[in-house]
Amino acid sequence: MKLIYSEDHRGHAGAKEMRYDEMIPMMECPERMDVIMGALTQAGFTDVVAPNPHGLDVVHQVHDPAFVSFLQRCYPMWEAEFGPGRFATAYTFGMRGMDQVPNGSVHSMLSCYTFDVCVPFIAGTWRAINAAKDIALTGVDLMQAGERAVFSVCRPAGHHASQDLAGGYCYLNNAAIAAQAHLNGGARRVALLDIDYHHGNGTQRIFYQRSDVFFISLHCRPQDEYPFLMGYDTEVGEGAGKGYTLNLPMPRGTGYADWGPALQIALDRIRAYAPDVLVVSLGVDTFEADPVGGFTLKSPDYLDIGRRLAGLDLPTQFVMEGGYAIDALGLNVANVITGFTQAQRG
Ligand SMILES: [Zn+2]
């Protein structure tokens, strides 16, 4: 399987995040990609392709252009005000009863276009965001040129980002952009399966009223976990999209004995939808030792996940999302891809 990867994410580093009552270095760091790429190489996946530059046309099909422009301009505006070396983050958020239109100041933009304090803007942030988008779109190009399955090794992740809100380490929604590009390229239906520990609230919102992308998410239930206000099984889509969102929330502490059957429900529903393409939002923060997650999947479970995804026998694009247990992150990701390719051959 071809891996699409670039080093352009590396400058998106050095910010801190709030954990309870202290500021800690961001869990979402460049080393994540080092261990993932290292483990993939070790597992025999050495066909690494650099992304081709793509414009913003497809991005603007799923994101508000004003939001995208904010992502580009945020750090330079912040630096002009505060000087270099600090990261930009919001002080307030556009809550109920507050104006939702930014007034030109970088603070008002951060307030309107971010929903939490986990999306810092640093000097290298836009370059990383832009490269991750290119990695997703180059994956689509390769599939249109005949590849049956590809892995877009994106950083930063994307599934928490909606049309016009960044949050949860996510800025542009790489998987949603890929799904849209598959449709542009002739696919009639795309299944977008999100197996990250956290609910893919951004992806859900982007496609909530559409039937051409079936969004399925396995995640920790909102009673227990971020983003706390979305991801209920009662959210099924609306309008033309009714029935094309499927949430499979599970309580904190869930292991593979229960997660596996939930995956089976998802796979059965995907089969019934008969998509032309499968996009997998691949997060492995479901791992038992993940410092951000709260499920108890073990490393061999990821081999099984890969095998079962291959069982759908669909053109498949993996898009990297979360996973923070640095010691096992690489192995867990490589196990999904290994299980998938072994089952493809078998
Ligand atoms: Zn996650």
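The residues of the chain are indexed from 1 along the displayed sequence.
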(message) Is there a path of hydrophobic side-chain contacts, each under 4.5 Å between heavy atoms of I/L/V/M/F/W/Y residues, joining V292 to M230?
(response) no
(request) Look up atom CE in M250 and atom CG in D258, then write down how far apart they are to the nearest 0.5 Å. (result) 8.5 Å
(request) Report yes if some heavy atom in the side chain of L71 is under 4.5 Å from a heavy atom in the side chain of W126; otherwise report no. (result) yes
(request) Examine the side chains of N174 and E321 and answer whether a donor and an acceptor come within less than 3.5 Å of each other. (result) no
(message) A side-chain contact here means heavy atoms from C-beta on lying under 4.5 Å apart; do T89 and L110 qualify?
(response) no
(request) Measure from the side-chain N and O atoms of Y91 to the backbone N and O of H107, and report whether any donor-acceptor pair falls under 3.5 Å. (result) no
(request) Pick out which of H159, H160, H199 makes a ring-ring contact (aromatic ring centres under 6.0 Å, His included) with Y226. (result) H160
(message) Main chain of G241, side chain of S211: is a donor-acceptor contact present, judged purely on distance under 3.5 Å?
(response) no
(message) Can you confirm whether V279 sits close enough to H182 that some side-chain heavy atom of one is under 4.5 Å from a side-chain heavy atom of the other?
(response) yes
(request) State yes or no: do L40 and V319 share one hydrophobic cluster built from I, L, V, M, F, W and Y residues joined by side-chain heavy-atom distances below 4.5 Å, directly or via other members? (result) no
(message) Determine whether T203 and N173 satisfy the following criterion, side chain to side chain donor-acceptor pair (under 3.5 Å), listing intermediate values before the conclusion.
(response) CA-CA 7 Å; T203 316; N173 194 317; 2.9 Å; yes
(request) Output the distance between atom SG (C112) and atom CG (D64), rounded to the nearest 0.5 Å. (result) 11.0 Å
(message) Could you tell me if S152 and Q317 have a donor-acceptor pair between their side chains, going purely by distance under 3.5 Å?
(response) yes
(message) Could you check whether N52 and T138, counting side-chain N and O atoms only, form a donor-acceptor pair closer than 3.5 Å?
(response) no
(message) Between L248 and I265, is there a side-chain heavy-atom distance shorter than 4.5 Å?
(response) yes
(message) Testing the basics here: between T114 and A90, what is the closest heavy-atom pair and its distance to 0.1 Å?
(response) OG1-CB, 3.6 Å
(message) Could you report the tightest heavy-atom contact between P30 and A13, atom names first, then the distance?
(response) CG-CB, 3.6 Å
(message) Looking at L229, I want to see if its CG is surrounded by more than 12 non-hydrogen atoms of other residues, nucleotides or ligands under 6.0 Å.
(response) no
(message) So that I can tick it off, tell me whether K2 and D47 are bridged by a salt bridge, with the cut-off set at under 4.0 angstrom between side-chain N and carboxylate O.
(response) yes
(message) Under the rule for side-chain contact (heavy atoms from CB on, under 4.5 Å), what residues qualify as partners of Q223, not counting sequence neighbours?
(response) R221, Y232
(message) Take a 6.0 Å sphere around CZ of R271 and say whether it holds more than 12 heavy atoms from other residues, nucleotides or ligands.
(response) yes
(message) Strictly distance-based, threshold 3.5 Å: is any side-chain N or O of Y208 a donor or acceptor partner for the main-chain N or O of G237?
(response) yes
(request) Check each of F70, F82, Y113 against F121 using the ring-ring contact (aromatic ring centres under 6.0 Å, His included) test, and report the only one that passes. (result) F70
(message) If I take atom OG1 from residue T245 and atom CD1 from residue I216, how far apart are they, to the nearest 0.5 angstrom?
(response) 9.0 Å
(request) Sequence neighbours left out, what pairs pass ring-ring contact (aromatic ring centres under 6.0 Å, His included) with at least one residue falling in residues 8-34? (result) Y5-H9, H12-Y171
(request) Indicate whether the side chain of Q180 and that of R210 have a donor and an acceptor atom separated by less than 3.5 Å. (result) yes
(request) Spell out, as yes or no, whether a donor-acceptor pair under 3.5 Å connects the side chain of H63 to the backbone of D164. (result) no
(message) Main chain of C118, side chain of D116: is a donor-acceptor contact present, judged purely on distance under 3.5 Å?
(response) yes
(message) For the CD1 atom of I195 and the OG atom of S281, what is their distance to the nearest 0.5 Å?
(response) 9.0 Å
(request) Start with the C-alpha gap between D301 and T286, add the side-chain angles, then the distance that decides, and say whether side chain to side chain contact (heavy atoms under 4.5 Å, CB included) holds. (result) CA-CA 10 Å; D301 296 334; T286 46; over 6 Å; no
(message) Is there a path of hydrophobic side-chain contacts, each under 4.5 Å between heavy atoms of I/L/V/M/F/W/Y residues, joining V336 to V35?
(response) yes
(message) I'd like to check S217 versus Q204 (side-chain heavy atoms, cut-off strictly below 4.5 Å). Are they in contact?
(response) no
(request) If the plane angle is over 60° it's perpendicular, under 30° parallel, otherwise tilted; pick one for F214 and Y273. (result) tilted
(message) Salt bridge or not between D313 and R148? Use side-chain N to carboxylate O under 4.0 Å.
(response) yes
(request) Go through the side-chain N and O atoms of Y244 and Q209 and say whether any donor and acceptor fall under 3.5 Å apart. (result) no
(message) One pair to check against side chain to side chain donor-acceptor pair (under 3.5 Å): Q61 and D57. What are the steps and the verdict?
(response) CA-CA 7 Å; Q61 286 182 273; D57 290 351; over 6 Å; no
(message) Tell me whether Q42 at atom CD has more than 12 heavy atoms from other residues, nucleotides or ligands lying less than 6.0 Å away.
(response) no
(request) State, yes or no, whether a side-chain contact exists between L282 and F151 at a heavy-atom distance under 4.5 Å. (result) yes
(request) Find out if a path of hydrophobic residues (ILVMFWY) with successive side-chain heavy-atom gaps under 4.5 Å connects V153 to V333. (result) yes
(request) Establish, from distance only, whether the side-chain atoms of N332 and S299 form a donor-acceptor pair under 3.5 Å. (result) yes
(request) First locate atom CD of E17, then atom CZ of F87, and finally report the distance between them rounded to the nearest 0.5 Å. (result) 9.5 Å
(message) Less than 3.5 Å apart, any donor N or O on the side chain of H198 or D285 sitting next to an acceptor on the other?
(response) yes
(message) What I'd like to find out is whether the side chain of Y169 reaches to under 4.5 Å of the side chain of V119, using heavy atoms alone.
(response) no
(request) Decide if the gap between the ring center of Y324 and the ring center of F287 is smaller than 6.0 angstrom. (result) no
(message) Measuring only between side-chain heavy atoms, which start at C-beta, is V190 closer than 4.5 Å to D276?
(response) no
(request) Would you please say whether a donor-acceptor pair under 3.5 Å links the side chains of S111 and T92? (result) yes
(message) Whether the side chain of S6 engages the backbone of A131 through a donor-acceptor N/O pair (distance < 3.5 Å, no angle test) should be reported.
(response) no
(request) Before accepting this row, confirm whether a basic side-chain N of the pair D34/R10 lies closer than 4.0 Å to the acidic partner's carboxylate O. (result) yes
(message) Exactly one of R127, K133, R155 should register a salt bridge (Lys or Arg N to Asp or Glu O under 4.0 Å) with D8. Which one does?
(response) R127
(request) Spell out, yes or no, whether V68 and I206 are grouped together once hydrophobic residues are joined by side-chain heavy atoms under 4.5 Å, including indirect joins. (result) yes
(message) Before you tell me yes or no, could you show the steps for R308 and L263 under side chain to side chain contact (heavy atoms under 4.5 Å, CB included), namely the whole-Å CA-CA distance, both residues' side-chain angles and the distance that decides it to 0.1 Å?
(response) CA-CA 9 Å; R308 291 171 65 183; L263 179 64; 4.1 Å; yes
(request) Classify the side-chain pair T338/Y302 by whether it contains a donor and acceptor separated by less than 3.5 Å. (result) no
(request) Determine, stepwise, if the pair R189 / V277 fulfils side chain to side chain contact (heavy atoms under 4.5 Å, CB included). (result) CA-CA 7 Å; R189 287 185 299 278; V277 178; over 6 Å; no
(request) Work out which heavy atom in C154 is nearest to a heavy atom in A132; give both atom names and the distance. (result) SG-O, 3.4 Å
(request) Could you grab the distance from atom CG of N184 to atom CD1 of I177, nearest 0.5 Å is fine? (result) 11.5 Å
(message) Could you tell me if R252 sits above the aromatic ring of F295, with its cationic atom closer than 6.0 Å to the ring centre and no more than 45 degrees from the axis?
(response) no
(message) Can you list everything that forms a salt bridge (charged side-chain N to carboxylate O under 4.0 Å, His left out) with E235? Sequence neighbours excluded, please.
(response) none
